[in-house]
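Quick caveat, the model's predicted, so the values are computed rather than measured. The figures that follow rest on heavy atoms only: side chains count, while hydrogens, waters and symmetry mates do not. Indexing begins at 1, ligand by ligand and atom by atom, following the structure's order.
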Amino acid sequence: MCLDENTLKILNDVFLLLSILLPLFFLIYFFYDKKKKKKLGYYLLALIIIILIICFRGEIMNINICKSNKKINDITTTKAIPAVNSDNYIGKTSKGYILEKKDGAYFIDDYLIVNKSYALNEDFIPKNTHTKITDEICILCIDNEAYEKWLNIKNDAIAINLNIYIASGYRSFEYQKGLYEKYENRDGKDMADTYSARAGHSEHQSGLAFDLNSIDSSFAATDEGKWVNENAYLYGFIIRYPKGKEKITGYKYEPWHLRYVGLSLAEKLYNDGEWITMEEYFGIDSKYK
Ligand SMILES: [Zn+2]
């Protein structure tokens, strides 16, 4: 029989109460019963039932412990529990989330984190991408799960006569380095930092992000831009650099840049249209050191 932790706790409490109250009731009743000799058989039966209840309570407690252990094992097989003493442990965020670094990237609750504070290693290359990475840039070298959701959102957009397409997908560390340097030479470091990531700090290196259509702020006012802003979360995508959150993300509003985080987090970050950033949600900074 499988019972969740709360049910077992309630059962334990009920049995604990019974195992205290019944002997008490039994003793009081026995003390005041004048015909106790004639009812000795009933009292013996009651005593056996009480003993059984006490024993069964012990059994329930064992089940509880077993189930709790099993639950932890089950989770371990599907999702690693970040441990404070693990080699991957970096520290806790201001909101109490555990920050880890593994396989050349930072993670919070298994969500890959990359911003101005947290960089991907130079040799970080995403695994399990739809198109195998063989080049410095690749439009469809997107994480398999994200690609599947991309097809869904694209097809749903087509169904209502909207045309969305990926204009920029995966970019390697080296490619991003060259791109940033080009912008830095053109506009200066301060300006370049508002719209372009330094090498290692771009989500495009993660395989979990891509840019749509014109890669231009005018995208927000198009039918496609408006629809994406309102519906992307239903497919697990977020507007990673929302309007009004420039100081938090460190980037200007990018209506075209989608990041895949999965349905659960996307819905929370969408926040009924009042986008919350990953920085705010997890309690982290986005600042170059
Ligand atoms: Zn982008």
Open item on the list: Tell me whether the Zn ion (ligand 1) has Glu254 as a neighbour, meaning an N, O or S atom of it below 2.8 Å.
Closed with: no
- [ ] If a pair satisfies disulfide (SG to SG under 2.5 Å) and one of its residues is in residues 257-289, list it, with sequence neighbours excluded.
- [x] none
- [ ] Quick one: report the N, O or S atom of His257 that is nearest to the Zn ion (ligand 1).
- [x] ND1
- [ ] Can you sort out the partners of Glu181 under side chain to side chain contact (heavy atoms under 4.5 Å, CB included), two or more places apart, ordered by chain and number?
- [x] Lys177, Glu184
- [ ] Could you tell me which N, O or S atom of Asp211 is nearest to the Zn ion (ligand 1)?
- [x] OD1
TODO: Could you tell me whether Arg240 and Glu279 make a salt bridge, using a distance below 4.0 angstrom between a side-chain N and a carboxylate O?
DONE: yes
Open item on the list: Any salt bridge linking Glu280 with Lys245? Criterion: basic side-chain nitrogen under 4.0 Å from a carboxylate oxygen.
Closed with: yes
